[in-house]
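All values below come from the heavy atoms of this structure, side chains included, with hydrogens, waters and symmetry mates left out. So you know, we letter chains A, B, ... as the sequences are listed, proteins then strands, and number each from 1.
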Amino acid sequence: MFKKIMKGANRKASKAEANDSSMYGFDPPGRSGPGSNMIVNHASRGSLVPSSPNSMAAATTQPPPMYSVEPLPLFRDVSVSERQSLFLRKLQICCFQFDFTDTLKNAREKEIKRQTLLELVDFIQSGAGKLTEVCQEEMVKMISVNIFRCLPPASHENTGQEPADLEEEEPYLEPSWPHLQLIYELLLRYIVPSDTDTKVAKRYIDHSFVLRLLELFETEDPREREYLKTILHRIYGKFMVHRPFIRKAMNHIFYRFIYETERHSGIGELLEILGSIINGFALPMKEEHKLFLIRALIPLHKPKPIAMYHQQLSYCIVQFVEKDYKLADTVIRGLLKFWPVTNCTKEVLFLGELEEVLEATQTVEFQRCMVPLFQQIARCLSSSNFQVAERALFLWNNEHVVGLIAQNRGVILPIIFASLEKNIESHWNQAVHGLSANIKRMFMEMDPELFEECQQQYEEKQAKSKQVEEQRQNRWRRLDEAVEEREREDPMITS
Amino acid sequence: MAMVDEPLYPIAVLIDELKNDDIQLRLNSIRRLSTIARALGEERTRKELIPFLSENSDDDDEVLLAMAEELGVFIPFVGGIEFAHVLLPPLESLCTVEETCVREKAVESLCKIGSQMKENDLVESFVPLVKRLAGGEWFAARVSACGIFHVAYQGCTDVLKTELRATYSQLCKDDMPMVRRAAASNLGKFATTVESTFLIAEIMTMFDDLTKDDQDSVRLLAVEGCAALGKLLEPQDCVARILPVIVNFSQDKSWRVRYMVANQLYELCEAVGPDCTRTDLVPAYVRLLRDNEAEVRIAAAGKVTKFCRLLNPELAIQHILPCVKELSSDSSQHVRSALASVIMGMAPILGKDSTIEHLLPIFLSLLKDEFPDVRLNIISKLDQVNQVIGIDLLSQSLLPAIVELAEDRHWRVRLAIIEYVPLLASQLGIGFFDDKLGALCMQWLQDKVYSIREAAANNLKRLAEEFGPEWAMQHLVPQVLDMVNNPHYLHRMMVLRAISLMAPVMGSEITCSKFLPVVVEASKDRVPNIKFNVAKLLQSLIPIVDQSVVDKTIRQCLVDLSEDPDVDVRYFANQALNSIDGSTAAQS
């Protein structure tokens, strides 16, 4: 598929060179002087000729190709029978692309294209005539030519621009948005209506189209991502045949993000779509979906920029557990595996998500993971960052969680006892201090005997801790001695 | 105590530590694996320790990473090369971990081990491992596999080689882009081990597939392979197979691909030979120099000298120079800056006449650039410039630029220019320096930024070295010593700093006659920081001056300071006194 596009692009370029410049309404690409900011001739910027390579071949059914942007009559000014062919001609106008870095350049042509796009959107919207297959095909081609472009360097990799003030992180805004928005609008109105026949449309909205649509999620323009989200979601809903393919392609994006780049602007939007997909999963859940949870969603907790998409991620995760509570311990162990070590902001997010998961967790699954879970919670409880400690202490405000803890207090209290005690003894933050004392009292009232026991264990352990450390040092020292001794006996080993 | 009698089981120590909740302790114990192995001896390491580690791949990634690294140097502890194969199973399981750094480290260690293994061991254990990983169900295994083919291939039989090539070609077509990316980035390495007959027939087919991948990210990595593959092929094959690809890539719709090409193009010139360079690569390069995307132009501009070095001067003047001229007024300062950092290298290529005719105007306009980095990049290549255009022409245009940079509001720019002053001085000569730069050097000594003042003091030392003590006596010392009465204590401190740096260069006589009185005077300053710096400075002067001066002047001054009310002053004074006593003791 790609090969075909490349060939198309090359053909385009050569065609542009072959044509005399007088045939254009304005400068052809690649002819401009070095000082001008006219589009330079390479494939990433579209040439100014209609870009579908097949348009020549299909010329018999179509009006002749156009080489300039001139206004066409309005739909309402022509007879119904002529509207489809007018539609095609309007599509051709919209295949022209313009340089938006200079607002004054081709201002007239830009305005004509914008008006034409508006009309096309209206035309589709009004359902004024069901589109023929040719029209559909050409329209999707026009859309592809416009939206599938190589995204400009992202802000983090763009060394060629003036260093922007890092304080005010203004989102990047696509300069060609006045056109782009209308094109997305057109695509949306093509896909959404129930009378669009998916059997026909899937020929044009094919795998390659979907794949390239997914690649666009990396755009830094939030407006564009919003459109993409809506459109992809509709495609997923409407084109059943594409569903497995879309899920797979999304997975690949996630893997690359997690294991290779840790950069992607559209993870939140993709997860938002998935949130509603997961919502619709049938029970019992397919193995594929569970694997997706384990291999993509849980590892998504690892990348540094998690704050950008945590809300959506957490929603997906909780959906899974609410659908199938048996997944709870898998999810909790997963969270533990990726638990942040030094990043406190991230840790607070994890604790919030954990609480939501615990809400949906039943006793059996809880018992399967409670030991490592409360070892982690114990560390959070005595964190010197008060927000982390406080967030962990707030778990005891949740009735369901407290129920689970009470039920298993014999295991849990010995694990967290030391942390509570340390907080009460020496935590710098007053709130943490108070909350810890409350929880301590809660346990004391719940099970005085157990509490007494833990208290005793704690004191013993405190007393012995120095000894244990000495013992450890001692063992390593003796190991070193053993090595020395051995090698003195048999000096060959050290070779 | 009881624990003294406890018998020592090295492996039990390890197991115990690895079970600890504290990750730091687990890490420490892994870091000491070699100690455990040495305590165990080779045989028990093979039979007990390694199997234990193979099963222990469920720990935190950080622990696994440490383990992957340690195992890479473990051959001596298992009994040498013939037992190296026992290390493969634990590393194999680390190759299937999801975390990228663990996998990469495991692959690195496997390569280290594999490259030392004997041929039949390779065939018996390493090659099967590669095949298992390549057929792994999860992408992690297959990605890891891509990185060890080159090690396996070298030492094995023809049948196995055929099989390995076929497997690699499968990986290049893998369903997952992650795997294809790994295959693309390792193809060059693998190709170097493959016999030339199969290069064209098989490796190039894989390469072609990768260059047509529908994912940008894969094609991007394939470009990186172009130069490596090009060097392996015969020139005519390179022209037939690589050249079209690279020319195509130079017009790829993705700027990232074009960026890669811009970075790599010059490396291909040699591989394809001068004719094709002229007909194909020069036009491609010119396109990249005029690319619409600033990132691509930055990459291309940075290679302009390397590229021109491969061309004859006429070609460079005819095709590249016009682009260079455009780039020198590019809208992006970073493009101009990239150009400025390499453009002087073009002078020797073009020769003196062409340089003066074509390059000098560009050079002068960059020297007047509004962006300080651009100017700085030019000045930093000053020696090259001087050789070509001569000092007179240079000094006229250079001076305004230098003066402006010396007062730039970014202190890093000022710092950079100070560091070039000694070079400038040596190139321009004493006369030029006295007129123009002398005042600047003194001005920097009173800069508001400490790093600049420090660099300025250091600069004085280097100038004294360059022009000799006599010159320094005339042009530097009086000005510096004048500053000792400055009302600001930080500036008075700079005098001390400058003295401590210059004294070794100026020698004993000047130090005693000029510096020492000033220092002794400064010991009576009202600011304690000055006083303890005097103490430190005096200590550094001890080896420079005569023993009699030490006894007569320095010691007395230090004794006075050692009775100062300030504790720090007393501390440093006593330290200096001790070092006098130390050196006297050593001499006697």
Side-chain angles (χ1 to χ4, degrees), chain A residues 1-3 5-6 9-10 13 34-35 37 39-45 99 148-153 157-162 208 211-212 215 248 251-252 255-256 258-261 295 299 302 337 341 375 467 470-472 474-476 478-483 485-487 490 493-495, chain B residues 3-4 6 8 10 13 16-17 21 23 25 29 32 35-36 38-39 41-42 60-62 76-77 80 98-100 138-140 143 175-178 181 212-217 219 248 250-256 258 287 290-295 297-298 322-323 326 331-335:
Chain A
M1 179 62 216
F2 179 70
K3 198 172 159 188
I5 296 165
M6 282 307 295
N10 294 339
N37 46 6
I39 303 168
V40 179
N41 180 23
H42 62 65
S44 79
R45 302 292 153 118
D99 179 7
F148 298 140
R149 63 215 193 276
C150 178
L151 296 170
E157 56 191 352
N158 194 351
T159 56
Q161 71 179 15
E162 295 295 322
S208 155
L211 197 62
R212 287 186 288 165
E215 276 178 14
K248 195 172 82 177
N251 268 326
H252 291 165
Y255 295 150
R256 174 147 202 251
I258 299 166
Y259 298 113
E260 291 181 0
T261 62
R295 288 178 164 177
K302 189 176 85 100
K337 181 170 159 51
V341 181
Q375 282 167 345
Q467 204 185 335
E470 261 171 33
Q471 206 171 335
R472 161 172 299 118
N474 203 23
R475 277 196 306 195
W476 283 110
R478 286 174 60 208
L479 206 60
D480 284 333
E481 284 164 11
V483 170
E485 207 171 296
R486 231 192 128 85
E487 287 174 3
D490 182 5
I493 288 178
T494 41
S495 60
Chain B
M3 60 188 178
V4 179
E6 180 190 317
L8 184 72
V13 175
D16 206 45
E17 296 277 280
D21 289 339
I23 180 168
L25 290 174
S29 62
R32 306 200 56 181
T35 308
I36 293 169
R38 282 154 68 196
E42 296 164 358
D60 267 21
D61 291 331
E62 219 171 325
F77 310 123
E98 281 168 9
E99 172 54 47
T100 321
W138 187 222
F139 80 87
V143 167
D175 183 42
M176 290 188 74
M178 312 270 297
R181 280 194 288 273
K212 287 169 195 144
D213 202 280
D214 60 357
Q215 301 253 337
D216 268 13
S217 53
R219 277 182 288 140
N248 227 339
S250 73
Q251 303 170 72
D252 196 280
K253 70 186 164 108
S254 161
W255 65 269
R256 287 187 183 82
R258 301 197 305 277
R287 262 198 305 274
R290 290 183 167 144
D291 199 281
N292 215 31
E293 183 56 66
E295 293 301 316
R297 294 198 306 276
I298 291 173
C323 299
E326 283 164 40
S331 59
S332 161
Q333 61 190 34
H334 300 278
V335 174

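Taking every heavy atom of both residues into account, B:T35 and A:V483 meet most closely at O-CG2, 3.3 Å. Of all the heavy atoms in A:Y255 and B:M178, the pair that sits closest is CB-SD, 3.6 Å. The minimum heavy-atom distance linking A:C150 with B:K253 is given by the pair CB-O, 3.2 Å. Between B:D175 and A:K248, the shortest heavy-atom distance links the atoms OD1-NZ, 3.3 Å.
Of the listed residues A:E481, A:R472, A:K302, A:Q375, the one with more heavy-atom pairs under 4.5 angstrom with chain B than any other is A:R472.
The part of B:L25 that comes within reach of chain A is its side chain, from C-beta onward, which places non-hydrogen atoms under 4.5 angstrom from that chain. With a threshold of 4.5 angstrom between heavy atoms, A:L151 approaches chain B through N, CA, C or O but not through any side-chain atom. Heavy-atom distances place the side chain of B:D61, and not its backbone, under 4.5 Å from chain A.
Using a 4.0 Å cut-off between charged side-chain N and carboxylate O, A:R212 and B:D214 make no salt bridge. Taking the charged nitrogens against the carboxylate oxygens, A:R295 and B:E98 have no contact shorter than 4.0 Å, which rules out a salt bridge.
Applying the side chain to side chain contact (heavy atoms under 4.5 Å, CB included) rule to B:S217 yields the partners A:R256, B:R181, B:Q215; only residues at least two apart in sequence or on another chain are considered.
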